[in-house]
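Here the structure is laid out as structure tokens; the discussion comes afterwards.
For the numbers below, each heavy atom of this structure counts, side chains included, while hydrogens, waters and symmetry mates do not.
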Amino acid sequence: MILKALYDYYQARKDELPCEGKEQVEIGFIIVIDKEGNFLRFEDRRCEDKKSADKFLVSKKVGRSSAPIPNYLYDNISYTLGYAKTKGLKEKDIDKEKSKTDKCLAIFKAKVDEAYKKDNASHAALSALKAFYDKDPRTMQELFMKDPLWGEIEKSLTKKYAFFSFRLKGEDFIMAEQPELINLNTELDEKNNETENNNIARCLITGQRGPIVTTTTATMIPGSQAIAKLVAFQVNMGYDSYGNSQCSNAPISKPAEFAYTTALNTMLARNSKNKFSLVDRTFIFWSSSKSEASTEMLNQFWNVLNGQNPSNPDENVQDVEAIFKAILSGKIPSLSDDRFYILGLAPNSARIAVVYWVDMTLKEFAGNLLAHLEDMEIVDNFKEPRFNAGVYQMIAAVTLKRKVSDAPNNLPEAIIKSIFQRFPYPTQLYNYCIGRIRAEQHVTTERAAILKAYLNRINNKHKLTKAMDLNNNDAGYLCGRLFAVIEKIQVDANGIHTVRERYLSPASATPVVAFPTLLNLSIHHVEKLPESRATYYEKLKQEIIGKLAGNFPVHLSNKEQGSFFVGYYQQMQDLYTSKADKEEKDNK
């Protein structure tokens, strides 16, 4: 199902993506040589932030396991320059690493020799490269190390862009991206395939018989090894079935393997708008078609749920909701079979683990996102930017110092499952939220929204509303409202919040113990207020106490404590809303 959806993504967008046999690869450094094959200098092709590099359309990367296999006219420093990365290795491992590097260099040189013979020495750049390898790069390593870029190269050897290619002095393009040289490699591969005893089987993606791949292409995600793959089988480890080995256990034809890995790597690219990351999880999302509704959904999905660095979380929230409603109602055209996919991935040694997968109709997905936005909607009259219900903000709201990386690994997919499939929000999120409020003695907009959304999805009797609900007679909710009034009295009288700092936690857990003391304190605070304000607050207190029938609960359950904090938050919002603002809202 996952591979077929990725394959279909490539087929629908093949005009925008690399054709079969090619791939966009980040290459960080270029080796410039002259016609005689002499090394001239290194060129730095990294971006300013040093986190990525220029991309070049080159021959598709090879799939590697334990045996060394060269890429064509580009590769890492072991293959291209025979440089052994021995720094930090124990003495006994240095010889082993050098031997491995010698093999890598030898097979890279053999690949160049093969292309040179096929070309009959007609291409100047390839002839120069042949001359470069005839000199043996290992003998020139002292020259390489004198280059001004060598220090930066050594620091970057573990980066994703730590690939090297070649450019002939006077030419504008690197060798690995020149079409005539790529075509030469394609001809060589076809010739080799004809002589190989290819394994023929029925492809599990297309359903057609043909040559299948032995290993699949790496699809690296943050935290994984460079060789990590979505589909992989370890040799001789008990996972082979019916005498099959490697990818024969899950036969995939070469065109289908190219299509799904290209689609996956495209969506995993650094600047891709089809992914977002949380903790050590990477999520990618896409639609089955390019209809207007699908395009709008992709755009708005990113705006609403990624939110890692929002300059203004409230920006266009109403427009986003309107678009979801339009998709749901059919005002924005969609195809009858439009579907939306989300794939959650996690690093797992040399493989990639699938931690989440959902496949649903586009309209169903729009409805679920709209339900999430409505569940998380809560009154917010504070001057700070409004919380936009993004997954990132939800996790940040319940972690110390908003450090999302400290959240448990399973929390992101639990929240995502709740949003995308309209399940109850995770109890873990709710408990973390309660714990963070107690630790900081502060109910933020984000936390109040999370508590409201959680309680509403598990309670079908009396839903918590966006703003303060005068008809809500839940004991926890009323105690929260009363606490907010007592705190506001203190703020108006003395300009301090010691009531909240000292009594918020006990009042939310054991009201019968905390509130007698709080009410006595409020009497002294009220005496400092003008008569009109004092009368207003006393009436408000008596109204709430009357609904409690004068009996404070001995203990509030975990759910009632959440209701307490929502009631506290909403009452506080109401107290800080001016009379004019209330009248304006009522008129609307």
Side-chain angles (χ1 to χ4, degrees), residues 1-3 5-7 9-10 18 23-28 51-53 55 58-71 74-79 85 100 104 156-163 204-205 212-237 239-240 245-250 252 254 256-272 274-286 341-357 405 409-410 412-413:
M1 181 66 74
I2 296 173
L3 300 184
L6 289 167
Y7 173 82
Y9 176 89
Y10 177 83
E23 182 179 359
Q24 290 279 357
V25 176
E26 290 185 49
I27 297 180
K51 294 181 179 180
S52 60
K55 286 187 174 182
V58 299
S59 294
K60 187 174 181 290
K61 290 200 292 285
V62 296
R64 288 177 182 150
S65 52
S66 56
I69 306 173
N71 286 305
Y74 72 96
D75 217 309
N76 63 42
I77 199 167
S78 297
Y79 283 86
K85 294 167 279 188
K100 179 182 174 182
C104 292
S156 306
L157 294 181
T158 58
K159 301 293 185 182
K160 183 181 178 181
Y161 57 73
F163 282 109
L204 62 81
I205 296 177
I212 63 171
V213 296
T214 304
T215 58
T216 59
T217 303
T219 47
M220 183 181 177
I221 63 172
S224 74
Q225 296 182 28
I227 60 172
K229 301 170 183 178
L230 186 61
V231 178
F233 295 89
Q234 194 164 348
V235 178
N236 299 325
M237 292 298 290
Y239 301 111
D240 301 333
S245 63
Q246 295 181 301
C247 283
S248 294
N249 289 281
I252 303 172
K254 293 180 179 179
E257 188 271 346
F258 172 80
Y260 96 74
T261 55
T262 299
L264 187 56
N265 281 323
T266 298
M267 288 187 279
L268 286 171
R270 183 169 179 265
N271 297 321
S272 169
N274 288 77
K275 75 167 184 177
F276 62 96
S277 299
L278 291 164
V279 193
D280 70 340
R281 304 303 200 237
T282 299
F283 296 88
I284 61 172
F285 52 91
W286 69 97
Y341 309 101
I342 301 171
L343 176 62
L345 305 170
N348 180 21
S349 187
R351 294 166 180 77
I352 295 176
V354 175
V355 294
Y356 183 74
W357 168 248
S405 58
N409 291 339
N410 63 338
E413 56 254 39

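Put simply, CD1 on I205 and CG on L6 are 8.5 Å apart, with the number rounded to the nearest 0.5 Å. In this structure, K275 NZ and I221 CD1 are separated by 9.5 Å, a value rounded to the nearest 0.5 Å. Atom-to-atom distance recorded for E413:CD and R281:CZ is 4.0 Å, nearest 0.5 angstrom. Atoms CE and CG, from M267 and N274 in turn, are 6.0 Å apart once rounded to the nearest 0.5 Å. Once rounded to the nearest 0.5 Å, the distance linking CG of L345 with CG of D280 reads 11.0 Å. The line from CZ of F285 to CG of L343 is 12.0 Å long, rounded to the nearest 0.5 Å.
Here Y74 pairs with F163 under the ring pair (Phe, Tyr, Trp, His ring centres under 6.0 Å) rule; sequence neighbours left out. By the salt bridge (charged side-chain N to carboxylate O under 4.0 Å, His left out) test, E23 pairs with K61, sequence neighbours left out. Scanning for side chain to side chain contact (heavy atoms under 4.5 Å, CB included) contacts around N348 gives A353, with sequence neighbours left out. A search for ring pair (Phe, Tyr, Trp, His ring centres under 6.0 Å) contacts involving F258 returns Y10, not counting sequence neighbours. With sequence neighbours left out, the side chain to side chain contact (heavy atoms under 4.5 Å, CB included) criterion links S156 to F29, R46, K159, Y161. Qualifying side chain to side chain donor-acceptor pair (under 3.5 Å) partners for K55, counting only residues two or more places apart in sequence or in other chains: none.
With contacts defined as side-chain heavy-atom distances shorter than 4.5 Å, the pair I252/I212 does not qualify. When side chains are defined from C-beta on, I284 counts as touching L268, because their heavy atoms get closer than 4.5 Å. A heavy-atom distance below 4.5 Å is found between the side chains of W357 and Y341. At least one side-chain heavy atom of P68 sits less than 4.5 Å from a side-chain heavy atom of Y79.
Considering every non-hydrogen atom in both T266 and T262, the closest pair reads OG1-O, 2.7 Å. Nearest heavy atoms, F283 versus G344: CD2-CA, 3.5 Å. Between P347 and P222, the closest heavy-atom pair is CG-O, 3.8 Å. The heavy-atom pair separating N265 from A218 by the smallest distance is ND2-O, 3.5 Å. In terms of heavy atoms, S405 sits closest to V279 at O-CG1, 4.1 Å.
Distance alone, capped at 3.5 Å, places no donor-acceptor pair between the K229 side chain and the R351 backbone.
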- [ ] For L230 and L264, run side chain to side chain contact (heavy atoms under 4.5 Å, CB included): C-alpha distance rounded to whole Å, both residues' side-chain angles, the deciding distance at 0.1 Å, then the answer.
- [x] CA-CA 9 Å; L230 186 61; L264 187 56; 3.8 Å; yes
Please assess Y7 against Y260 for the test ring pair (Phe, Tyr, Trp, His ring centres under 6.0 Å), listing each intermediate value before the final yes or no. CA-CA 4 Å; Y7 173 82; Y260 96 74; 9.1 Å; no
Run the side chain to side chain contact (heavy atoms under 4.5 Å, CB included) test on L204 and L3 for me, step by step, so that the C-alpha distance in whole Å, both residues' side-chain angles and the decisive distance to 0.1 Å come before the verdict. CA-CA 9 Å; L204 62 81; L3 300 184; 4.1 Å; yes
- [ ] Mind running side chain to side chain contact (heavy atoms under 4.5 Å, CB included) on V354 and Y356 for me, showing each step along the way?
- [x] CA-CA 6 Å; V354 175; Y356 183 74; over 6 Å; no
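K60 has a carboxylate O that lies under 4.0 Å from a charged side-chain N of E257, or vice versa, which qualifies the two as a salt bridge.
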